[in-house]
Structure formats: C-alpha cells, structure tokens
Engineer: 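Provided herewith is a single structure, encoded as structure tokens, for subsequent inquiry.
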Amino acid sequence: MDHSTQAGKNFAWLSVAQLATRLIGAAFYIFLSFKLLASGLGEYSFVSAFVPLWFLFSDFGISSYLYREWSKGRYAQEQANYDYNVLFAFTSALAAVIFGVFFFVNLFINREVLPSLVLFFFSVYLSGYVHTNDLYLQSTNFFRQPAIRQIIEKLTVVIVGGILLLWQANIIWVFVAILMSQFVSYFYYMLGGFAFRIRLVWNKTRIKQLVLLGYPFLFLSLFTSIYGRIDMVMLRYLKGFDAVGLYGAAYKFMDISVIFSSLFLAAVFPVLSRLSKDKNKTTEHSNFFNSSLRIIFSSSILIATFFIFGAPWLFEAFFPESFGAGILATRILVLAQVITFASLLFNNLLIIQNKEKVSLYIILFGACLNILLNFFLIPKFSIYGAAWATVIAEVFNLYLLQHFVQWKADLGVVTKMVVFAAANVGLMVFLKQYELLNVLWLGVAVFVINAVLLYWSGLITWLDIKFFARPFWQKLASFWPAGN
C-alpha cells in the first residue's frame, strides 16, 4: 500500500472514532452545563485539567519514545510486549508513590473536590495501559481497533454518567462513569486479543536504558501538558470555578474545531516516520510533508471561519444564557488552533529527526511565556486574557519550530499562506470593529470565498480532496458490489 493510501486509510478510521467521540462528548458536556451549571462545570473542567499534571512524570517519556521507534518499524512484537511490561511495572510503582503525595496535598488545598480528584486519579492511571496499546496498534498502521475502543469508552461514560446524573446531580458521578469506562476499554482489548500480555517485569537495567532514552520526551510531555492545561488551573485560583466553567465551554468548541487537524496529524505521523527512514525517498518525504502543511493550514482557516461566525448561534443553541461570555473566548481560541496544528506538524518532524531536545526547549519557552502572560492578562481580562495568552504563545512556538526543523520549504506556498492568514486576520478585526461578526449570511459568504480562494491559489487541490474521500468511498462501495 503506498504512503498516501495508507495515510488516507488511517485518517478514515480516526475520523470515524474522533468524530463520534468528540460529538458525543460535546453533547454530554452540554448536558452537564444544564445539570451542574457554571460552577459545577468549572469543577469538572478543573479536575480534568489538574489531575493529569500529576502524571507528567508517570513514565519518564518512555511511551512517547517507544511510539516513535515502533512507528519506524524497528521493534518485533515480542520486544514491544516486553518493554511494555517493564514500563507497566515501573509506572505502577511511580503511581503508588505519587498517589500518597497527591492525596495529602489535595486534602488541604482542594478538599471540596477531593473525591472527584481521587476517582479521576485512578482513571488516568488505568488509561495509561489502554493508551499504550493504542500507540502500538497505530504505530503499525492498525487504526481500526483503537477507533472502536474509543467509541465504546465514550459511550460508557455518557450512558453511565447520564443515568447517575439524572438520579442525582452531583459531579462525582461523572468521574465514577469515567473510571468505569477504563475497565470497559481494558476488557475490550483483552477479550479481542488486541492487548499486550500483562506481566510485571522489574528489570532495572532495561528501566535505566528506557529512562535515559525517554527523558527528553518526559520534559516535552511535561511542558506540553502545562502549556495545554495551565489556563484552567490558573483561572480556578485567580478567578474561581465560574470563570473556569465559561472558559471550559469555549474550550469545548475549540476541542471540536481541532478534530480534523488532530486526526490528520495522527494519520500521517507513522507514514512520515517510515519515509524518513528510507534515504532514497528524501524527495517523496519532503513533498508529503509540504502537502500535509498545506492541508493543515487550509482546513484550519475554514474551520476557524465557521466557529468565529457561528459561535453566537452555537452558544445560544447548546448552553444556558449565562454562558454568553464564552462567545468571544471561543473566537479567540479558534485563532490559536490555526497556529497550533501547523506547530504540531513541525514538532512531529523534529521528533522524527531525533531532535526532541530542541522541541523540548521550544515547548519550555512556550509554556513559560504562556504562564507569564496569564499572570498579567487573567487578572485584568479574565477568560479573554487566558485565550489571548494562548494565541501569543502559539505564534512564538510556530516561528521557533519551523526555524529549527530541517525541511525544504516551498517559498511560493509559504508566501501564499502568510498573505492568506494576514488578510483573514485583518478582515476579522475590521468586522469586529463594526460588530459584523454576528451576521450569519456574511459568515457564510466569507467561508465560501475562503474555500474558493484556497482552491484557486493551490493551497488545497483536487488530489487533496481525493486523499480524504477515497477511503470512505471505497468502504461504502464495498456494501454495493459491482453488478448488484
């Protein structure tokens, strides 16, 4: 199977899973907003952002290192299984130590949400096992099993959590449902025979080797997580749970807006990794990367246009009236997603090129800049300050990543992207100045014009469209064999 077909097939399975899980998750989040209101939703958003920060050192970056090596095809399954068992024993021991500190600290600083914090702690721990299985299957271009697993997990949360919340509107039931979903995912992999065989293997020599190889990924994950979650945590302490709830609502729409880009990046990473390994395919690798960059940019522009103009109607349709302050925050955050996924594509290339230490320093800079900006902007502008801090930090990240990565830039395409982005930003500022961003027909017109200009300028091509459509069409065609 050629690399474009493989990437398209990967994308198709990821699309099915992520579209289903993100939309189901968004519907459940809207349900929570009516059952728990801004304060309860703020507690949920805070716990969801706060607990994963305690797991930043859970595997010392080993799983990320293994994923890169698995994607390059360097490991036999038996070796992968053995390393997983070493990792499982190591992370289990670390989690036990971390939990003692976690419980003691939160007994004093977050006592009001301690039961939810404890439940989610165990959920995140169990998710590590499931996530590692996902990584191995995806690294070998088997995306079907993880896709089905993700849908089953999300449905478990929604069904169990929904029933419990209808019985009693208490945030703790959401985290009970999340914990149960991890057990369901575990049994899905075990019963289907897709899982690694679990054994606790304590091999000090191998642990030391993996820690030394994985530590750059540890800090990369550390500062990426801080960068992605620090807004929620800082808002909780600087402005309270209500502000976190409003920001969380805006972030939920951003979460939906990034479905396409996140799926695309996950689909092309194994393909880029394998192309980079073959020195005879340097030109093919460069062309594939530049095509990926065009697709990421073009899709992000169209998605941002949709959410900037559609935000008022989306909030009116899905959230209580008290959440109206989240509209502007959504508009700011979707600007960040245009930059974020171009940054992530360059970051993936840095990792493929074994330059994860460079990536680490850039993410460290971005995280520190984001925190510093939050300290200045949140007290004065609340959720809008947090959103603008994200946008500003992302601009610096993108510049640094593209500067340090080894890539053969197509200057004509890059120039078109810069001009196109600048023109759209200028247009949005002008329309905001004259309060025209709420005019729906104008939004539709801007979206159509952007789509036409992207195609006319060559930033999106018919081959790009076929790249995504072909796997879906082939699957649909299999239900109606020729001659029937």
Side-chain angles (χ1 to χ4, degrees), residues 21-22 24-58 95 98-128 130-131 153-154 156-158 160-162 164-165 168-183 185 221-222 224-255 319 323 326 329 374 378 383 386:
T21 56
R22 297 291 180 99
I24 292 170
F28 187 61
Y29 193 86
I30 293 164
F31 172 73
L32 293 181
S33 72
F34 284 93
K35 295 296 292 185
L36 304 174
L37 302 179
S39 181
L41 204 60
E43 291 181 26
Y44 168 75
S45 299
F46 169 72
V47 172
S48 299
F50 182 69
V51 172
L53 295 176
W54 289 80
F55 282 84
L56 295 177
F57 292 90
S58 62
I98 292 170
F99 179 73
V101 179
F102 172 85
F103 187 85
F104 179 78
V105 169
N106 285 289
L107 187 63
F108 292 97
I109 67 171
N110 289 308
R111 184 187 294 265
E112 67 272 35
V113 290
L114 184 59
S116 296
L117 288 168
V118 170
L119 285 168
F120 197 54
F121 183 95
F122 286 109
S123 298
V124 175
Y125 164 69
L126 291 174
S127 71
V130 176
H131 179 63
E153 179 183 307
K154 184 62 70 174
T156 302
V157 174
V158 171
V160 175
L164 292 173
L165 284 170
Q168 183 185 49
N170 191 317
I171 188 64
I172 196 170
W173 298 125
V174 179
F175 294 103
V176 169
I178 293 173
L179 181 59
M180 185 175 294
S181 74
Q182 295 307 312
F183 285 107
S185 290
S221 174
L222 170 67
T224 300
S225 296
I226 291 174
Y227 185 44
R229 301 176 188 276
I230 197 63
D231 295 352
M232 299 281 193
V233 176
M234 293 184 73
L235 278 168
R236 180 262 189 271
Y237 292 107
L238 294 174
K239 290 293 182 179
F241 281 127
D242 283 353
V244 178
L246 293 173
Y247 194 72
Y251 225 90
K252 181 56 62 176
F253 284 120
M254 181 184 176
D255 191 42
F319 286 101
F323 280 74
N374 278 332
I378 288 177
I383 61 176

Engineer: Is there side-chain contact between Leu119 and Ile178, with heavy atoms separated by less than 4.5 Å?
Structural biologist: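 Side-chain contact under 4.5 Å: no.
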Engineer: So do Val118 and Phe99 actually touch side chain to side chain, heavy atoms under 4.5 Å?
Structural biologist: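 Touching, per the 4.5 Å side-chain cut-off.
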Engineer: With rounding to the nearest 0.5 Å, note down the distance linking CZ in Arg111 to CG in Leu117.
Structural biologist: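 Output value for this atom pair is 12.5 Å.
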Engineer: Would you indicate whether Phe183, at its atom CZ, is surrounded by more than 12 heavy atoms from other residues, nucleotides or ligands within a distance under 6.0 Å?
Structural biologist: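 No - once you tally the heavy atoms of other residues, nucleotides and ligands closer than 6.0 Å, there are 12 at most.
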Engineer: Could you check Phe122, Phe120, Trp54 and say which one makes a ring pair (Phe, Tyr, Trp, His ring centres under 6.0 Å) with Phe102?
Structural biologist: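 Going through the options one by one, the only one that passes is Trp54.
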Engineer: Flag the pair Leu179 / Leu126 as yes when at least one side-chain heavy-atom distance between them is below 4.5 Å, and no otherwise.
Structural biologist: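 Yes - at least one pair of side-chain heavy atoms lies under 4.5 Å apart.
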Engineer: Return the orientation label for the Tyr251 and Tyr247 ring planes: parallel under 30°, perpendicular over 60°, tilted otherwise.
Structural biologist: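 The arrangement is tilted - the two ring planes meet at 30° to 60°.
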Engineer: To the closest 0.5 Å, what do you measure between CZ (Phe50) and OG (Ser45)?
Structural biologist: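 Taking CZ in Phe50 and OG in Ser45, the distance rounds to 14.5 Å.
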Engineer: I'd like to know if the side chain of Ser33 reaches the main chain of Ile30, judged simply by a donor and an acceptor atom lying under 3.5 Å from each other, with no hydrogens or angles considered.
Structural biologist: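 Pair found, side chain donor or acceptor close to backbone of Ile30.
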Engineer: Could you grab the distance from atom CD1 of Ile378 to atom CG of Asp231, nearest 0.5 Å is fine?
Structural biologist: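 Here the interatomic distance stands at 6.0 Å.
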Engineer: What's the separation between atom CD1 in Ile171 and atom NZ in Lys35, rounded to the nearest 0.5 Å?
Structural biologist: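 It comes to 12.5 Å.
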Engineer: Has Tyr44 got a side-chain atom pairing as donor or acceptor with Tyr29's backbone, closer than 3.5 angstrom?
Structural biologist: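 No; zero donor-acceptor contacts below 3.5 Å.
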Engineer: Which atoms form the tightest heavy-atom contact between Ile172 and Pro115, and what is the distance?
Structural biologist: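 Minimum heavy-atom separation between Ile172 and Pro115: CD1-CB, 3.5 Å.
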Engineer: Which pair of non-hydrogen atoms, one from Gly326 and one from Ala250, has the smallest distance, and what is that distance?
Structural biologist: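 Closest approach of Gly326 to Ala250, heavy atoms only: O-CB, 3.6 Å.
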Engineer: Test side chain to side chain contact (heavy atoms under 4.5 Å, CB included) on Phe28 and Leu165 and set out the steps.
Structural biologist: CA-CA 11 Å; Phe28 187 61; Leu165 284 170; 4.2 Å; yes
Engineer: Going by heavy atoms in the side chains, are Phe103 and Leu114 under 4.5 Å from each other?
Structural biologist: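 Contact flag for Phe103/Leu114 side chains = yes.
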Engineer: Report the distance from atom CE of Met234 to atom CG of Asn374, rounding to the nearest 0.5 Å.
Structural biologist: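 Between atom CE of Met234 and atom CG of Asn374 there are 4.5 Å.
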Engineer: How far apart are the closest heavy atoms of Phe31 and Gly162, and which atoms are they?
Structural biologist: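 Looks like CE2-CA, 4.1 Å.
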Engineer: Of all the heavy-atom pairs spanning Ala386 and Leu235, show the shortest one and how long it is.
Structural biologist: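 The answer is CB-CD1, 4.2 Å.
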Engineer: Quick check: closest heavy atoms across Ala95 and Tyr125, and the distance to 0.1 Å?
Structural biologist: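 Distance-wise, the nearest heavy atoms are CB-CD1, 3.7 Å.
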Engineer: Under the rule for side-chain hydrogen bond (donor to acceptor under 3.5 Å, both in side chains), what residues qualify as partners of Asn110, not counting sequence neighbours?
Structural biologist: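 Result, side-chain hydrogen bond (donor to acceptor under 3.5 Å, both in side chains) vs Asn110: Asn106, Arg236, Tyr237.
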Engineer: Quick one: does any side-chain atom of Ser185 pair with a main-chain N or O of Gln182 as donor and acceptor, under 3.5 Å?
Structural biologist: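 Not a single qualifying donor-acceptor pair exists.
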